[in-house]
Protein chains: 2
Amino acid sequence: MRGEQRLREVGIVGVGHPPFGKYEGSLMDMLCEAAVEALDDAGVKTGAGHGVDQVLVSTMGGSQVNRQTGVASALVDSLNLRPAMAETVENGPASGASAVKLGYMAIASGMCDVVLVVGGERMRVLSGWEATDFVATMLHPEAEYAYGLTLPSFAGMFTRLIMAKYGVTERDLAMVSVKNHENAMFNPSAHIQLVPNLEAITEDEDALTINPYVAEPLHLYDTCPVSDGAAAVVLCALDVRERFARRPIKIAGIGQATDTHVVAEREVPTDLLAVRLAAKRAYAMAGLEPQDIDVAELHDAFTILEVVESEEVGFFPRGEGHLAVRRGETRIGGRIPINTSGGLKAKGHPLGATGVSQIIELVKQLRGEAHGRQVKGAKAGLAVNFGGFGNNVVATILAGEEE
Amino acid sequence: MRGEQRLREVGIVGVGHPPFGKYEGSLMDMLCEAAVEALDDAGVKTGAGHGVDQVLVSTMGGSQVNRQTGVASALVDSLNLRPAMAETVENGPASGASAVKLGYMAIASGMCDVVLVVGGERMRVLSGWEATDFVATMLHPEAEYAYGLTLPSFAGMFTRLIMAKYGVTERDLAMVSVKNHENAMFNPSAHIQLVPNLEAITEDEDALTINPYVAEPLHLYDTCPVSDGAAAVVLCALDVRERFARRPIKIAGIGQATDTHVVAEREVPTDLLAVRLAAKRAYAMAGLEPQDIDVAELHDAFTILEVVESEEVGFFPRGEGHLAVRRGETRIGGRIPINTSGGLKAKGHPLGATGVSQIIELVKQLRGEAHGRQVKGAKAGLAVNFGGFGNNVVATILAGEEE
């Protein structure tokens, strides 16, 4: 945070989160559905006098996969929100949190009062192989992609190093997966609604048949699925909160940091420096410490990432995240519940929607509307949205406003 | 402009504009070259203590054409500006001005002091037909693109209506083209360095051979070329101006507006409502009127657009822009010089770079560094960056700061 002045405060007054999974309509249909749900939740009427100053769309593949550009302008018109300003934002799988950040800035700057952020990805039009290849377009073109590296292969190598260094086991990671699948059972927006049996996917005779290696030592159940999905939030300046139906959940802190693009150039390849620094900045802005956080959404595109991120954001000492998993500390009811939504693992990971979806889960928790997955008395939540293989990370802290 | 507080003031302290044209290197090479030039101009050292808080990249085709995502994060690392925040912004051909707008908000919000904005497009890897098809991905997928509509065909139909309504002639448009080509001769960054002869491209026997119809009544010389190119600016809060080598040129006003996505749905198809409204908002924010503007960069992807935009921004009454062209009022030395840089027509139109490039021309004019194309005593400049077929327009007003 820079400058002398006090930042204008910003909150979230509407959320929309249709189920992730396989979507039959167009990208635009999907974005509209999420947006309308969020606008309805906030009590915003579209058409004349709608009051929405800016629309931001986060999508990683709208152009490359769905071959549509100017998506944000198109969405404004589809929603009858003209002449609102509009831009599309891309930051790999962290696009969603980036769009929320830019929406925050738009309001804090005084240029806007109300911003609609809609993240979405329609990627099931791709085969699994094509989807993996598309996601790999965020790697370094000459130093990484050209050698056939993909995100799962990076995660596999990263997991090997972490296992060797800290004694993390495949079973620890399977426990993360089972926990997130269990949480997703209480989230009607989650893509995958089944709970794998821990023994069946780790110990049983046919464990490797139902849970094969994807990128050894990572299995199928360590890896997020390929999902379509969209999610939307309505942001407003707290000084215009009386315009809306819902009490705002305040955006208390935002931190973001970049790391080397080429993973091999990092001094300690098991460090997720950008996660650490992004979280540190978000805590500083919010005036909070890790122990003040009641619920967290961490970017578990691979189960190992949830474990290492839980250390980098300060919930557990380095190398002990997996021990906390064994003790059940990250389950609902535990010391710091992580990925109550089901996480990317079970809720799904439609890239541009993910960061927005994480923030929506925190809003639901802080509103006390998370139903079967509610963390009792949650007052502050942290989301970590992870771009590249950790080369651009956004951390967002929400804090419930008193009635 | 909303809210109660006075916006934190923002200026431009560095510009980088390598020549547009055909580029042999990668998109990243091109972005780096422009960025380094802008950072050098501002006196910013890269590496530790660089002071750049945020990098924004504007590109329309980085993902679809060059198949690279997360471009902004990659650029931060290539420039040794870690851990600066980074996002890629897309708003069709208005991506550049959108990125500058978001950079403005980042600083005005108090979240950043210094923002680097880099726009770039590497589109000469496409054939002419492929480039036209790529640009058409910003049209409505079902209502426009599916019928084979392209941007030139829209511009052709638009021109027919304007000609019938206001008596604009093909020769008037050729005069716009010749003027912009003449201006480009004094701009070493311009793609095309030749001046067509007005009679030769309009009256002579072989006029249609050297200046064939592209989309009747628009000719080759009415249409911008397909160019590679990148352009960069360094923005800073005016309250930290002492960190920089150059005096800042202030961003005095920004206005943006959207219009219907489907052009056929507009009440008056010859109106460019979003241009009018964006300019109106920019004037209001800057506290200026059209007559206060000394130099303007208008989005002449097609010559007809320069004429109609010059009316919509209030320089000339409706239907009289072409008369002003005939009288030479938009030439350097005329009442309101337009496209002193050569415009999209002659300087080139690398989509994501264009909005940044327009703003750079204004900075050069207001610094008094536009050399052979200098508008004497220019104190305020207006840029109009046009997305879709006018469905998302950004107007930016710069004002020279006194020494």
Side-chain angles (χ1 to χ4, degrees), chain A residues 1-5 7-8 26 28 53 60-61 63-64 67-70 72-74 76-78 81-92 98 101-102 104-113 137-138 140-141 237 239 254 256-262 273-274 277 387-388 391-392, chain B residues 1-5 7-8 26 28 53 60-61 63-64 67-70 72-74 76-78 81-92 98 101-102 104-113 137-138 140-141 237 239 254 256-262 273-274 277 387-388 391-392:
Chain A
M1 196 174 352
R2 307 301 179 103
E4 294 290 313
Q5 89 272 41
L7 294 187
R8 189 182 188 205
S26 69
M28 192 53 54
D53 301 305
M60 183 174 159
S63 175
Q64 190 180 141
R67 227 168 162 275
Q68 186 172 0
T69 54
S73 320
V76 163
D77 190 33
S78 295
L81 292 175
R82 294 185 316 277
M85 307 190 283
E87 272 88 21
T88 304
V89 177
E90 191 263 318
N91 177 19
S98 275
K101 180 196 80 166
L102 292 168
Y104 174 93
M105 288 172 165
I107 295 171
S109 72
M111 289 278 284
C112 298
D113 286 342
T137 61
M138 69 175 130
H140 194 289
D239 54 49
I254 298 176
Q256 183 180 10
T258 43
D259 197 353
T260 65
H261 191 203
V262 178
L273 260 178
L277 186 51
N391 72 340
N392 194 335
Chain B
M1 196 175 351
R2 307 299 178 106
E4 294 290 314
Q5 89 271 40
L7 295 186
R8 190 182 188 207
S26 69
M28 192 53 56
D53 301 305
M60 182 174 159
S63 176
Q64 190 180 141
R67 227 167 161 275
Q68 186 172 359
T69 54
S73 320
V76 163
D77 190 33
S78 295
L81 292 175
R82 294 185 315 278
M85 307 190 284
E87 273 88 20
T88 304
V89 176
E90 191 263 317
N91 177 20
S98 275
K101 180 196 79 168
L102 292 168
Y104 174 93
M105 288 172 165
I107 294 172
S109 73
M111 289 278 284
C112 297
D113 286 343
T137 61
M138 68 174 132
H140 194 289
D239 54 49
I254 298 177
Q256 184 180 9
T258 44
D259 196 353
T260 65
H261 190 202
V262 178
L273 260 177
L277 186 50
N391 72 340
N392 194 334

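In the text below, chain A, chain B and the rest are named by the order of the sequence lines, each starting its count at 1.
- The most heavy-atom pairs under 4.5 Å with chain B, out of A:Val76, A:Asn391, A:Thr260, A:Asn91, come from A:Thr260.
- Between A:Pro83 and B:Thr258 the shortest heavy-atom distance is C-OG1, 3.0 Å.
- When each of B:His140, B:His261, B:Met138, B:Glu87 is checked for heavy-atom pairs under 4.5 Å with chain A, B:Glu87 comes out on top.
- With hydrogens and angles ignored, the 3.5 Å screen pairs a side-chain donor or acceptor of B:Glu90 with a backbone N or O of A:Gly70.
- Heavy-atom pairs under 4.5 Å with chain A peak, among B:Ala237, B:Ala274, B:Ala84, B:Gly388, at B:Ala84.
- If you take CG on A:Asp259 and OG on B:Ser73, they are separated by 10.5 Å, rounding to the nearest 0.5 Å.
- Residues B:Thr137 and A:Thr69 bring a donor and an acceptor atom of their side chains to less than 3.5 Å of each other.
- Both the backbone and the side chain of B:Ile254 come within contact range of chain A, judged by heavy atoms closer than 4.5 Å.
- Between B:Ser63 and A:Ser63, the side chains place no donor N or O within less than 3.5 Å of an acceptor N or O (distance only, hydrogens not considered).
- With respect to chain A, the highest number of heavy-atom pairs below 4.5 Å among B:Ser78, B:Pro141, B:Ala72 belongs to B:Pro141.
- Looking only at side-chain heavy atoms (C-beta outward), B:Cys112 and A:Met105 come within less than 4.5 Å of each other.
- For the pair B:Ser98 and A:Ala86, the tightest heavy-atom approach, listed with the atom from each and the gap, is OG-O, 4.4 Å.
- The candidate from B:Gly92, B:Gly387, B:Ala106 with the greatest count of non-hydrogen atom pairs under 4.5 Å with chain A is B:Ala106.
- Per-residue counts of heavy-atom pairs under 4.5 Å with chain A were compared for B:Met60, B:Met28, B:Gln64; the largest is that of B:Gln64.
- Contact between A:Asp77 and B:Val262 at its shortest, heavy atoms only, is OD2-N, 4.0 Å.
- Rounding to the nearest 0.5 angstrom, the gap separating the CG atom in B:Asn392 from the CZ atom in A:Arg82 is 12.5 Å.
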